[in-house]
Number of protein chains: 2
Amino acid sequence: MAVTLKEVADRAGVNPSTVSRVINEDPNLSIREETRNRILRAIEELDYRPNAVARSLRLKTTGTAGMIIPDITNPFFPEVFKGAESAASERGFSLILCNTNEDPEKEKAYIKLLAEKQVDGILLASTYIQDETIDMAAKRNIPYVLVNRASRNEGSASVVVDDVYGAELAVQHLVDLGHRRIAHISGLLYTETGLERLEGYRRTLNRNQIPFLSEYMVEAKYSEREGYLAMEKLLAIPQPPTGVFAANDLIALGAASAIVDHGLNVPEDISVVGFNDIWLAGKVHPPLTTVKVPLYDMGYLAFESLAKKILGEPMEQDKIVLRPELVVRASTRAVSARG
Amino acid sequence: MAVTLKEVADRAGVNPSTVSRVINEDPNLSIREETRNRILRAIEELDYRPNAVARSLRLKTTGTAGMIIPDITNPFFPEVFKGAESAASERGFSLILCNTNEDPEKEKAYIKLLAEKQVDGILLASTYIQDETIDMAAKRNIPYVLVNRASRNEGSASVVVDDVYGAELAVQHLVDLGHRRIAHISGLLYTETGLERLEGYRRTLNRNQIPFLSEYMVEAKYSEREGYLAMEKLLAIPQPPTGVFAANDLIALGAASAIVDHGLNVPEDISVVGFNDIWLAGKVHPPLTTVKVPLYDMGYLAFESLAKKILGEPMEQDKIVLRPELVVRASTRAVSARG
DNA sequence: TTGAAAGCGATACCAC
DNA sequence: GTGGTATCGCTTTCAA
């Protein structure tokens, strides 16, 4: 059986409340040195360890937050988690990581569970997060921050990347290399991210007087496989593109595979640009030109934002927008003569 | 303010204990249908949500476990975590994920924190985990299972892979391709894993009457950078190897980069074999021949093992040994004439 | 069939 | 300077 505060108090011959005060270093506590030492000694001798559950019940705060993500094996998330975890750890919080496999039911079940566990807050990290899930958190009055997903509701904090700008960077890069037949494999168009990257694509074409052709636009889920399938469609049209802007790196990787499988080369025949700069992006062949998103920072800032909400610290801004940057590697090059 | 059991009881005109019984579906409870319905209605109307913290305090069990890993951005761990999380979720447990960045201090601090939070058990997932850390968990009587690390202590459960066998697979593959000058970039030799893979390497050389040469043996940490550095050493010796067995995929990747940077090719000049088959292994150029370890299963079985310890279910075996298999890709080929 | 009450371990307000 | 005690929300034994 674990040692309790009361046992420590008994051994030191004082009241439990006094022990509690000593442990928590109650600022307005004046205590005789000798008493304090007796208590400290008792703690030491009994190897006393506070029970955080009892403490939480009393204090109505657990020092624990939840983080909901679709899939930790998607290389986007480990970096984000790492950032969030660092921030949490610095502030003495722990994170319960919840993997939903993109199942909305699991998402809701997790919110329910986290609420029952009385977590102090939740990080909702996914463009996929259902509105219903967000509403659940809101309804239960549990502080939350959206990561990589914009907030519809007033007052819900979020950390996102400037997707329009990032997409502009990517597409302009292709234009600068002389490409005119530029396709876009967009993300899901019911996600902010998907929509905004598409917007950046359109704007950039526009600015360069390149007409937007609907057959150069294919929607895909954010996976390698979907990227592959989408690219196959693009390859099938009479005048295939010479450059492809994919909504994320996984899609870009899939697209590159499709290109190769169809007997063409990246970047000789078709240039490919991704988005996010996951760790993998620099390691594949050819190394992927992509738009770098500060994933670690995203997680870190998201938790910081959550902590501020939890602790009632002032927040400069509800919505933090991170600025991405272009990373040029080997999957893009100037359009070839045959292009 | 959240609704409590007592409020529900008041509204239903019954005693809190009765509500509790209904909620927990107390088997030996006989209750009038009408009363039950009144209670259910009250729960519904007040949107009552149980407080797991209070419940935990009373029950002395939290339904939460901790998982300690060195670095979630190391592609080895997301898969393992995913498996563990699935098993946990199936059994109604949540997982607090703790990233230690390989810092022994952080490791110990986390054990302390988890113990205070009264987690029901801990998964220690890393070959790096310090003995001291394990002892801490043991001393506090908190059930734990080691993942990818053998246990010294009697009675501590673990899930590991058969490293000797895996290494034999890798080296024999090289031998079968005609290689005789086979080097090994070992992992850290104070880790079980490092030692056993080295053992498999030696045994296989032996079995094939190939002498073990100490200059063909370089120790490295399990990282890309260290793999690179180690390979440079191997390249510097008069008769460099034609085949390299790296203790894990990250090392193998680094080694491959070093080879290329020195103007040679993989596998034309030097064949490289890795270990683990992380997701990345099949995507790099050239795709890596490696020894596949069932990472997801490893996590899943580890949590199952932990759950059994926690719930006092019978365990067939304390130590679960998973069998790896060879995955031949393009980073190995028959030794060339010039080799 | 249901109620009363003790208690899990810690905190904090109010006394003295 | 230190002690008493109510309380956080829930479970469970014992009664009735």
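We name chains A, B, ... by the order of the sequence lines, and we start the count at 1 in each one.
One interatomic measurement links the two molecules: CD of B:E116 to C1' of C:dG9, which rounds to 13 Å at whole-angstrom precision. A:K117 places its NZ atom 15 Å from the P atom of D:dC10, with the value rounded to the nearest Å. For the pair B:R36 CZ and C:dT2 C1', the computed distance is 13 Å after rounding to whole Å. At whole-Å resolution of the value, CG in A:N24 and C1' in C:dG9 are 13 Å apart. Atom CG of A:N51 is separated from atom C1' of C:dC8 by 8 Å (rounded to the nearest Å).
Evaluation of atom-type donor-acceptor distances gives no pair under 3.5 Å for the side chain of B:R32 against the base of C:dT1.
Between B:V53 and A:S56, the shortest heavy-atom contact is CG1-CB, 3.8 Å. Across A:A125 and A:F77, no two heavy atoms sit closer than the pair O-CE2, 3.2 Å.
Side chain of B:K82 to main chain of A:I72: no donor-acceptor pair is present (N/O by atom type, distance under 3.5 Å, no hydrogens or angles). Side-chain atoms of A:D120 come within 3.5 Å of backbone N or O of A:G63 as a donor-acceptor pair.
Base engagement by A:S30 is indicated by at least one non-hydrogen atom pair under 4.0 Å involving a base atom. Among the heavy atoms of the strands, none lies under 4.0 Å from A:S56. At the heavy-atom level, A:L5 lies under 4.0 Å from base atoms of the strands shown. Contacts of B:L59 with the nucleic acid, taken as non-hydrogen atoms under 4.0 Å apart, involve only primed sugar atoms and P, OP1 or OP2.
With distances taken from any side-chain atom of B:R21 to the nucleotides D:dC10, C:dT11, C:dT2, the minimum falls on C:dT2. Listed candidates were D:dG9, C:dG9, D:dT2. Nearest to the side chain of A:A54 is C:dG9.
Near DNA chain C, meaning a heavy atom under 4.0 Å away, the residues from residues 8-19 of chain B are B:G13, B:V14, B:N15, B:S17, B:T18.
Using a 3.5 Å distance cut-off with no hydrogens or angles, the side chains of B:T64 and A:K117 do pair a donor with an acceptor.
Only one option out of B:T35, B:I23, B:V22 pairs with B:L40 in a side chain to side chain contact (heavy atoms under 4.5 Å, CB included); it is B:V22.
End-to-end axis angle of the helix from C:dT1-D:dA16 to C:dC16-D:dG1, using five pairs per end and rounding to 10°, comes to 40°.
For the pair A:E192 and A:K319, the salt-bridge criterion is not met [side-chain N within less than 4.0 Å of a carboxylate O].
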